Protein chains: 2
Amino acid sequence: MDRKIATIQDVAKAAGVSTATVSRTLSKPSVVAAATREAVLNAVAETGYRVNTTASNLRRQRTGSVIVLLPNIANPFFSQILAGLASVLTPAQYGMLIADTQSGPDPDQLLAHYLTSGQADGLVLLDGSLSPDALEHPGRPPVVMACEWMGRDLPSVRVENGRGAAMAVGHFAQLGHRAIGHVTGPRGNVLTEERLRGFREAMVSVGLPLREDWILEGDFSMDSGAAAARVWLAMKDRPTALFFSSDEMAVGFLGAVQRAGIHVPRELSIVGFDNIEIVQHLSPALTTIRQPRTQIGIRAAELLLDMIETGTRTGPSDVIEIEFIRRDSAGPPPVSR
Amino acid sequence: MDRKIATIQDVAKAAGVSTATVSRTLSKPSVVAAATREAVLNAVAETGYRVNTTASNLRRQRTGSVIVLLPNIANPFFSQILAGLASVLTPAQYGMLIADTQSGPDPDQLLAHYLTSGQADGLVLLDGSLSPDALEHPGRPPVVMACEWMGRDLPSVRVENGRGAAMAVGHFAQLGHRAIGHVTGPRGNVLTEERLRGFREAMVSVGLPLREDWILEGDFSMDSGAAAARVWLAMKDRPTALFFSSDEMAVGFLGAVQRAGIHVPRELSIVGFDNIEIVQHLSPALTTIRQPRTQIGIRAAELLLDMIETGTRTGPSDVIEIEFIRRDSAGPPPVSR
DNA sequence: AAAGTTCTTGTAAACGATTTCATTCTTTGT
DNA sequence: ACAAAGAATGAAATCGTTTACAAGAACTTT
């Protein structure tokens, strides 16, 4: 009896109706008469029928899944966004396929592949360093960028990156710092550039000297934060405050300088960006800029679903508010000197 | 011309062959004559044809995706495993669907849903607290457990949890500690129980007193580590060494006690479990037990693919080796007293 | 009571691949 | 030179749905 899985045919037979009626009962119950509806639903329960998504997708000319392209699946920053995406995609009956752009050889090629393969009803891009060329493809599915965005008028969900940098600089200035540096993300990345721009503008706007040798390049990773620490320790003329383009770098930096005997925030103040979960548990707890990552994921998914349903290829962009979180890693500059 | 996406019919027409030949050229090139093969491949390139995965899957009675069930997608511990899974699933042309068991109302129901819905060719379970009842379903797809495992003889990939605990205890004992405590994961979780058992056995085997009030319950999270710190700080008679069932808890604990002015490892030694990326960047760098998480993901995916291809529902289990990583968070016990 | 409407339902044609089976064309062995 | 075996191809069925269209039934409306 339960040998084979029931098809819509079996249900139709059991209920004494046509397959069309079964299908209608399940998708638009309102158009079928109450009596038949009940008969069908009974038959469904009886046979344990589940619609075959593959067949349904084929007929409806959709795939039922959206692909998320991200630079590194193992990065906790992204997993939070994934959680947000999943929370709206799953209820909407869309599967979420995850593809790691770093794992393969050529990220741009991977993007092109997914744009042309017709394997997804939509794409979410979390990697801002992808080249937008492939987006010219005519029949491509809708695409939404989250966090990072590219030149074209691609719908995106982003945060006020520049303002975040300005908040950090403002905080340092107010505490009395005059020697402020910055550790950036990888050059070319939109987030990096945006935050760097915000940093520069804020520095001139508060009237502080902008020293290029106090702008260190990282790549958002903890390792690159630790590397920045070695550079900072080796400087003869050090900034007393550092703004990091990511919390991860701040964490790597903090651990490294602490091991070198530096006390934060007594000898050096630092501020991160993102508010990843761990930083509140550090000692000192990290002052940072909060990005509501789950929220970003949710909005991106909503935008994408809207585009998929309306069949548009463009859409609005959304800017999500950030928040300055004052903790204990930034204090007044050292008095000596 | 490029208006609509090309189907296999278009390719067949362009190459002057039947659709059957096109299909064969693409799946089993060896059975078609060299000349025709070339003609078909040219036609493919010309039309920009991509096989429609949905149609292919329907015909082949498969779904082309495996579902990964995990307790919390935002947990960095799991994302590393996901990366491992993806690295073998993607090349094998399987999509990886991720489902969060914590986000919905009833985890067990979610598992049952995926087991019966026929939406996946296989399942990977990363949540050991799921009840195995649903696995009785007759036509269910193959299932592999990673990290955690359940009573039944389900194929699984796991690590030597008990031995990990023993390594930590051994290390403490060798350093001269006599008062050793343990912070566990949530009760009922297989990992928790296994490590706790290992801890207990190791304690008696090195001949140290096993004090139940020095066994604190956590839930693997940083917050629960911080909570454990408050308990430890409030104790009149404290253990001088603590073994944590997860790095996350160790991190939460470390930050909390450091803020209370405790020096690790001078006043207290700690050892974690997992070796998550961040712990090497802390100050002090955390001594811990490394689980090769990417490796676990890879093996689980390999096992699952094998089961899918051979059509078996059982398979071998695999035990992955762990490694003790000595860093700076464990030292000799304080001399005072 | 005839002519329109409005509701329900069924018939059958897609959707785009894969694969069985039969057919034609080559080889090969004797 | 002829039968048998092998290789390459095509015709058509099939996977399990959804949905355009048609048709019958049940009501209105005049």
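It should be emphasised that the depicted structure is a prediction, and the values quoted were computed from it without experimental measurement. No hydrogens, no waters, no symmetry mates; every other heavy atom, side chains included, goes into these values. Residue numbers start from 1 in every chain, and the chains themselves are labelled A, B, ... in the order their sequence lines are given, proteins ahead of strands.
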Touch class at under 4.0 angstrom, heavy-atom based, for B:Arg50 against every strand present: sugar-phosphate
Under-3.5 Å donor-acceptor pair between B:Arg60 side chain and C:dT18 base: no
Below 4.0 Å: OP1/OP2 of D:dT9 and any side-chain N or O of B:Thr36: yes
Nucleotide nearest B:Arg24 (side chain, heavy atoms from C-beta), chosen from D:dT19, D:dT9, C:dG16: D:dT9
Sugar-phosphate only, base, or nothing, as touched by B:Arg37 at under 4.0 Å among non-hydrogen atoms: nothing
DNA chain D: 5'-proximal contact among B:Thr21 and A:Thr7 (nearest heavy atom): B:Thr21
Geometric cation-pi criterion, B:Arg62 with B:Tyr94: 6.0 Å, 45°: yes
5' precedence on DNA chain D between B:Ala55 and B:Ser30 (nearest-nucleotide basis): B:Ser30
Expected output: side-chain B:Thr21 to main-chain B:Val17 donor-acceptor under 3.5 Å: no
Gap between atoms CD1 and P, on B:Ile8 and C:dT19 respectively (whole Å): 11 Å
D:dT17 OP1/OP2 closer than 4.0 Å to side-chain N/O of A:Gln61: no
5' priority, DNA chain C, between B:Thr54 and B:Ser27 [closest heavy atom]: B:Thr54
Distance below 4.0 Å between B:Tyr49 side-chain N/O and C:dG16 OP1 or OP2: no
Exam field: side chain A:Arg24 to backbone A:Thr19, donor-acceptor pair closer than 3.5 Å: no
Donor-acceptor contact below 3.5 Å, side chain B:Thr90 vs main chain B:Ser87: no
B:Gln9 side-chain N/O to C:dC15 phosphate OP1/OP2 under 4.0 Å: no
Nearest-angstrom distance from the residue atom CG of A:Asn52 to P of D:dT14: 17 Å
Euclidean distance, atom CZ of residue B:Arg62 to atom P of D:dG16 [Å, nearest integer]: 16 Å
Rounded distance (Å) that lies between atom C1' of D:dC15 and atom CG of B:Asn57: 11 Å
Atom pair distance, as rounded to whole Å: NZ in A:Lys13 and C1' in C:dG10: 16 Å
Atom-to-atom span, CD1 of B:Ile5 to C1' of C:dG16 - whole angstrom: 11 Å
B:Val66 backbone acceptor or donor facing B:Asp121 side chain under 3.5 Å: no
Interatomic distance, A:Leu26 CG vs D:dT19 C1' [rounded to whole Å]: 15 Å
Check: A:Ser156 side chain, A:Arg158 main-chain N or O, donor-acceptor pair, under 3.5 Å: no
Short side-chain N/O contact to C:dA17 OP1/OP2 from B:Ser56, under 4.0 Å: no
Sugar-phosphate, base or nothing in reach of A:Ala20, heavy atoms under 4.0 Å: base
Rounded interatomic separation in angstrom, taking CZ from B:Arg59 and C1' from D:dT17: 16 Å
Sugar-phosphate, base or nothing in reach of B:Val22, heavy atoms under 4.0 Å: nothing
